[in-house]
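I'd like to ask you about the structure that follows.
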Amino acid sequence: MKVFTFHLMPYADLDMTFMDKHRAAWVVLPNTYYDPKKGHELYNRYLDELELAAELGFDGISVNEHHQNAYGLMPSPVVTAAALARRTKTAKIAILGNAFGLREHPLNIAEEHSMIDNITGGRLITGMVRGIGAEYFSTGNNPAFSHARFQEAHDLVVQAWTRPGPFSFEGKFYHFEYVNMWPRPFQQPHPPIWTPSTGSAETIEWAAHPSRRYTYLQAYSPTQSVARFLNYYRQCARDMYGYTASSEQIGWSTPVYISDTDEKARAEAKPHIEILFNKLLRLPFEMLFPPGYLSQKSLANMRSHKRSVSGQEHTIDSLIDQGIIVCGSPETVRRQFTDAHRLLGFQNLLCLMQFGTLPRDLTERNIRLFASEVLPALQGLTDREYMGMEMRAAE
Amino acid sequence: MAEHAVIDVHGRKVNIRRMGQGAPLLFLHGALGIADQEPGLEDLARHFEVIAPDHPGFGASEASGDIDDVADLAIFYLDMLDHLKLDAVHVAGQCIGGWIALEMAIYASHRFKTLSLVNSAGLRVKDQPRGDMFLCSEADLIKLLFKGEAGDAWMKGWRASPAHEDIYERNRGAAAKYTWSPRLCNPKLDRWLHRVTAPTHIVWGRDNHVIPLAYADALKALIPGATSAVIEDCAHMAHIEQPAAFAHEITHFIRRATP
């Protein structure tokens, strides 16, 4: 298994009483809440944490994109990835993801990814995402075209990376007379493409298509949903497309916290993880799902648990019980991941080692404990330990 | 009662309601679509044959993949007038329906006997911000759209069954598709409104916070010979909230304007 750490780079110094006055830490939270002096310290601390994980043997480090919010300070993950490129030697750098379709000019991001791939000698992983609903308010993009524009941006970028230029591209959203990418990517035919999501049937079916076979990452989900969607990927490959998906094509992404004992881990993580889920990640339904963002089919599924999505208050106990986070002693965390791998066989794991307001000392200890006590066992896991979908169904 | 029929206009299937008898009046609905109970249209139907289509992607009309914006909708409705063999008709448009009518009139004002614009979208007026109907909870949306109490019953109608809820969400998605950005307007519209030569009447809710009253004045200044009226105790949804005043303004304007 390949184990990555990823960072959201939250604005941890946020005055958490903001929710008394504002609907969310996204889109409408005034940027006067942001202090650049504190931001300067946070950015550098967070980059240190990612670099530490790379030094300690994680297979890769990962960054992502969100706009106009305190939840994650990376409107351009290319900037953070570029900062990490020359400070790391062997770790993969995964941009999970960039919302190519939100841009007027997706080729500019593709050029930047290509540069990082060249500078690192092929250590880049490119994530492609639609962006969450809130992004459609903060960028002005039309949510009703989000799927179509995402797919066209993807096609444009992959062609730019793989076809000899110059050539012209005439799409519905993008029109270029001269597509001729300099530099071409270091990796051939192009950097691996991953698609993180919280579970969209359309995204899984698209990623699993035999012409793509992109790695699908399930993020922020209870154990049941992780199982359902990762197995759905394998089922799609088998039933819809007639091939067997490799376990490298799926991954799980989750917050992780380790301390000496289960009780201690729970107590230490509690305030910080609850801030992540109850404050930074609390978005009103209309902000998370603007009209047109979900397909009619997904919307019908969503309506049934609409109220629970927007209204749920989490505690560390509920998060642990549902399997949304993995938290405990090294032994507990190792066992949980090993068990999950036995059932689901994912060959990629992304661990969020800093979350909410988790301070520098606890984050660093979390990373070190994980690297020494858990990482070696997970890196040794292969398909031999995976029981397979059929076995699981029979059980 | 409205009679529904799906007609095929160059391969695009659109659902049309017909209500009442008299001269044909094309009603172009707003961003929220047409509800089961439309008192304003029922009042109009006492004087006219009201023809009220669901815009492509709204209500019971198919979504045409190649109709992407309000300019497409305007050309589509000119096609529909040809299909219905209506050379010149009275047109009334509310919200984006008014915007569609304006784009049609810029190209083909001769197809209009009269034009009634009710709380119309389409124009951009500097420093007069429009309200956001999208980043808005259901409760806040009702407050934004209505001044008085009529909004609760209106929303309840959309919650009457899963089929109603489906149409409501479908309408919201279609509204986003046509109006998201630039929000509720075509920034170029002002430079062509001199081409709207049909008799035009502008009707506005005093308390409209989606498209404030300043837009009525701006439209009046740009459309040659336009008249205007303000409805009191009324916000954006005049046809629901003040149906009698809504129908009165349109009916009396048409009487004045046509021999």
Side-chain angles (χ1 to χ4, degrees), chain A residues 22-29 67-69 101-104 131-149 151-152 171-175 282-307 309-311, chain B residues 30-33 55-70 72-73 96 124 130-145 155 158-159 161-187:
Chain A
H22 302 285
R23 285 179 280 179
W26 297 70
V27 187
V28 294
L29 182 66
H67 296 267
Q68 299 189 5
N69 74 95
L102 288 181
R103 308 299 175 99
E104 273 314 297
I132 71 164
E135 252 87 65
Y136 289 78
F137 290 101
S138 36
T139 64
N141 273 272
N142 193 326
F145 297 118
S146 99
H147 271 296
R149 202 167 142 122
Q151 288 175 9
E152 189 175 306
K172 179 178 164 80
F173 305 100
Y174 300 114
H175 318 274
R282 176 71 71 83
L283 285 91
F285 186 84
E286 62 272 13
M287 192 182 277
L288 201 48
F289 301 111
Y293 178 78
L294 293 176
S295 69
Q296 201 71 15
K297 187 173 110 189
S298 302
L299 194 63
N301 293 335
M302 187 60 71
R303 199 167 52 221
S304 51
H305 43 108
K306 177 172 177 172
R307 271 90 203 169
V309 171
S310 46
Chain B
L32 281 304
H55 305 325
F58 280 83
S61 289
E62 274 185 7
S64 289
D66 57 357
I67 293 189
D68 284 342
D69 55 25
V70 170
D72 284 336
L73 287 171
I96 65 167
R124 182 177 67 177
R130 296 173 298 278
D132 187 356
M133 290 189 278
F134 295 127
L135 189 49
C136 202
S137 69
E138 209 170 277
D140 289 340
L141 181 65
I142 293 170
K143 273 188 236 157
L144 178 66
L145 294 175
M155 185 58 87
W158 289 115
R159 297 285 167 244
S161 73
H164 286 81
E165 291 197 333
D166 276 346
I167 292 177
Y168 178 82
E169 298 297 347
R170 192 160 191 267
N171 290 351
R172 296 277 282 158
K177 177 180 174 184
Y178 297 129
T179 72
W180 190 266
S181 181
R183 188 64 59 83
L184 280 177
C185 72
N186 170 359

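Order of the sequence lines fixes the chain letters, A, B, ..., with proteins taken first and strands second; residue numbering starts at 1 for each chain.
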**Study point:** Lys/Arg N to Asp/Glu carboxylate O, B:E165 vs B:R159, below 4.0 Å
**Key:** yes
Value for CH2 (A:W26) from OG (A:S138), rounded to nearest 0.5 Å, stands at 8.0 Å
Closest non-hydrogen atoms of A:E135 and A:H67, given as atom of the first, atom of the second and distance, are OE2-N, 2.9 Å
Correct closest heavy-atom pair for A:R103 and A:R149 would be O-NH2, 2.9 Å
So, the part of A:F137 with a heavy atom under 4.5 Å from chain B: the answer is both
Ranked by heavy-atom pairs below 4.5 Å to chain A, first place among B:L135, B:D132, B:D68 goes to B:L135
What one should report as the nearest heavy-atom pair of A:R282 and A:A24 is O-CB, 3.7 Å
In short, A:R23 meets A:P284 closest at the heavy-atom pair O-CD, 3.9 Å
Under a 4.5 Å heavy-atom criterion, the part of residues 57-66 of chain B in contact with chain A comprises B:G65
Contact list (residues 170-180 of chain B to chain A, heavy-atom gap under 4.5 Å, by number) returns B:R170, B:R172, B:G173, B:A176, B:K177, B:W180
- Message: Quick check against the 3.5 Å criterion: does A:E286 have a side-chain atom that pairs as donor or acceptor with the backbone of B:S137?
- Response: yes
### Message
Measuring only between side-chain heavy atoms, which start at C-beta, is A:N141 closer than 4.5 Å to B:S181?
### Response
no
Scored by heavy-atom pairs under 4.5 Å with chain B, the best of A:G140, A:G292, A:P291 is A:P291
Heavy atoms of A:Y293 and A:H147 approach each other most closely as O-CD2, 4.4 Å
Could you tell me whether the side chain of B:R124 reaches within less than 4.5 Å of the side chain of B:R130, counting heavy atoms only?
yes
Between B:L144 and B:C136 the two heavy atoms that sit nearest each other are CD2-SG, 4.4 Å
